[in-house]
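Below: one structure, written as structure tokens.
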Amino acid sequence: MAERITQREHVLRNGQRLTVREAVPADAAQTIAHLRQAAGETNHLSFGPGEYSTPLEHQQMMISEMAIKPNCLFLVGEADGEMVSMLTFTSGVRARKAHQGEFGLTVVQSHWGQGIGEFMLRYLIDWSRQNGVTRKINLRVLVTNAAGIALYRKLGFEEEGRIRRETFLDGQFVDTLLMGLCIDPD
Ligand SMILES: CC(C)(COP(=O)(O)OP(=O)(O)OC[C@H]1O[C@@H](n2cnc3c(N)ncnc32)[C@H](O)[C@@H]1OP(=O)(O)O)[C@@H](O)C(=O)NCCC(=O)NCCS
């Protein structure tokens with residue numbers, strides 16, 4: 001198995017330097033703050049403003065546990081040192097499900113359109129090709145999330161299904177699109 005990649009750098013369209021690396025427990029408070037901020041900036045997450053209530057110790061534990069699993073990934077993206085993006089990829093525990101997982105991705109609104117989401121996702125795809133376990137990446141996206149769907153299509157994800165009425169938002173039901181990317185050896 002190739003050595004696990006743990007950090008990548010990229011110059012953004014606005015000239016800032018983006019560093020993408022695996023989270024460590026000391027990042028826990030900032031990751032919670034990031035998710036709370038994201039919840040207030042978009043309607044496209046599974047939680048709304050004030051709803052991300054995971055305690056600090058749980059977040060620290062989650063980061064530690066994911067770091068030692070070969071098929072899980074917790075990434076943070078920092079632009080000139082400020083946390084602007086997060087990606088988590090969680091896989092099945094049992095042997096029959098360990099080859100597949102689902103990710104969640106956020107970028108703060110001030111940094112949308114800079115290429116960060118794409119860079120984070122390319123990291124996940126490259127890492128998946130090298131971790132020796134992952135053969136399928138899944139995601140769920142609200143059908144109203146045009147930016148997200150465009151990003152996932154751009155990177156080769158295909159639509160595999162639709163869950164009707166999975167979300168209730170602003171008085172209306174919203175469907176979820178299931179998308180996936182198969183990971184095969186080069
Ligand atoms: C969806 C999201 C992750 C995209 O991240 P981003 O860093 O803004 O996207 P990027 O700049 O990397 O864009 C990459 C590609 O995505 C697509 N894209 C991004 N924003 C778009 C928009 N507003 N409209 C249409 N396509 C868009 C384009 O194909 C783009 O490629 P291009 O730059 O060559 O045109 C970001 O908007 C976000 O965090 N939104 C709120 C939370 C969320 O929706 N998370 C995903 C839940 S499934």
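Using a 4.0 Å cut-off between charged nitrogen and carboxylate oxygen, Arg162 and Asp175 count as a salt-bridge pair. Between Arg153 and Glu159 a salt bridge is recorded (basic side-chain N to carboxylate O distance below 4.0 Å).
By the rule that hydrophobic residues join a cluster once side-chain heavy atoms approach within less than 4.5 Å of another member, Leu178 and Leu124 end up as members of separate clusters. Taken together through direct or relayed side-chain contacts under 4.5 Å among Ile, Leu, Val, Met, Phe, Trp and Tyr, Met62 and Val24 form parts of separate hydrophobic clusters. Trp112 is connected to Leu87 through a chain of hydrophobic side-chain contacts under 4.5 Å among Ile, Leu, Val, Met, Phe, Trp and Tyr, so both are in one cluster.
Ring planes of Phe119 and His10: parallel class, angle under 30° (limits at 30 and 60°).
In Glu158, the CD atom is not crowded: 12 or fewer heavy atoms of neighbouring residues, nucleotides or ligands sit closer than 6.0 Å.
Note: Ser46 OG to Glu51 CD = 9.0 Å, rounded to the nearest 0.5 Å. To the nearest 0.5 Å, the span separating CG on Asn71 from NZ on Lys97 amounts to 13.5 Å. Summarising the geometry, atom CZ belonging to Phe74 is positioned 14.5 Å from atom CZ belonging to Phe89; distances are rounded to the nearest 0.5 Å.
Ile137 has its side chain within reach of Phe157: a pair of non-hydrogen atoms, C-beta onward, lies under 4.5 Å apart. Residues Leu35 and Thr106 are in side-chain contact: their nearest non-hydrogen atoms beyond the backbone lie under 4.5 Å apart.
Here the closest non-hydrogen pair linking Leu151 and Gly117 is CD2-C, 4.0 Å.
Partner of Thr176 under the side-chain hydrogen bond (donor to acceptor under 3.5 Å, both in side chains) criterion, chosen from Arg165, Glu166, Arg140: Glu166.
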request  = Check the pair Asp184 / Arg135 against salt bridge (charged side-chain N to carboxylate O under 4.0 Å, His left out), numbers first and verdict last.
outcome  = CA-CA 6 Å; Asp184 289 315; Arg135 301 297 301 274; 2.8 Å; yes

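Tyr123 carries Arg8 over the face of its six-membered ring, with the cationic atom under 6.0 Å from the centre and within 45° of the normal.
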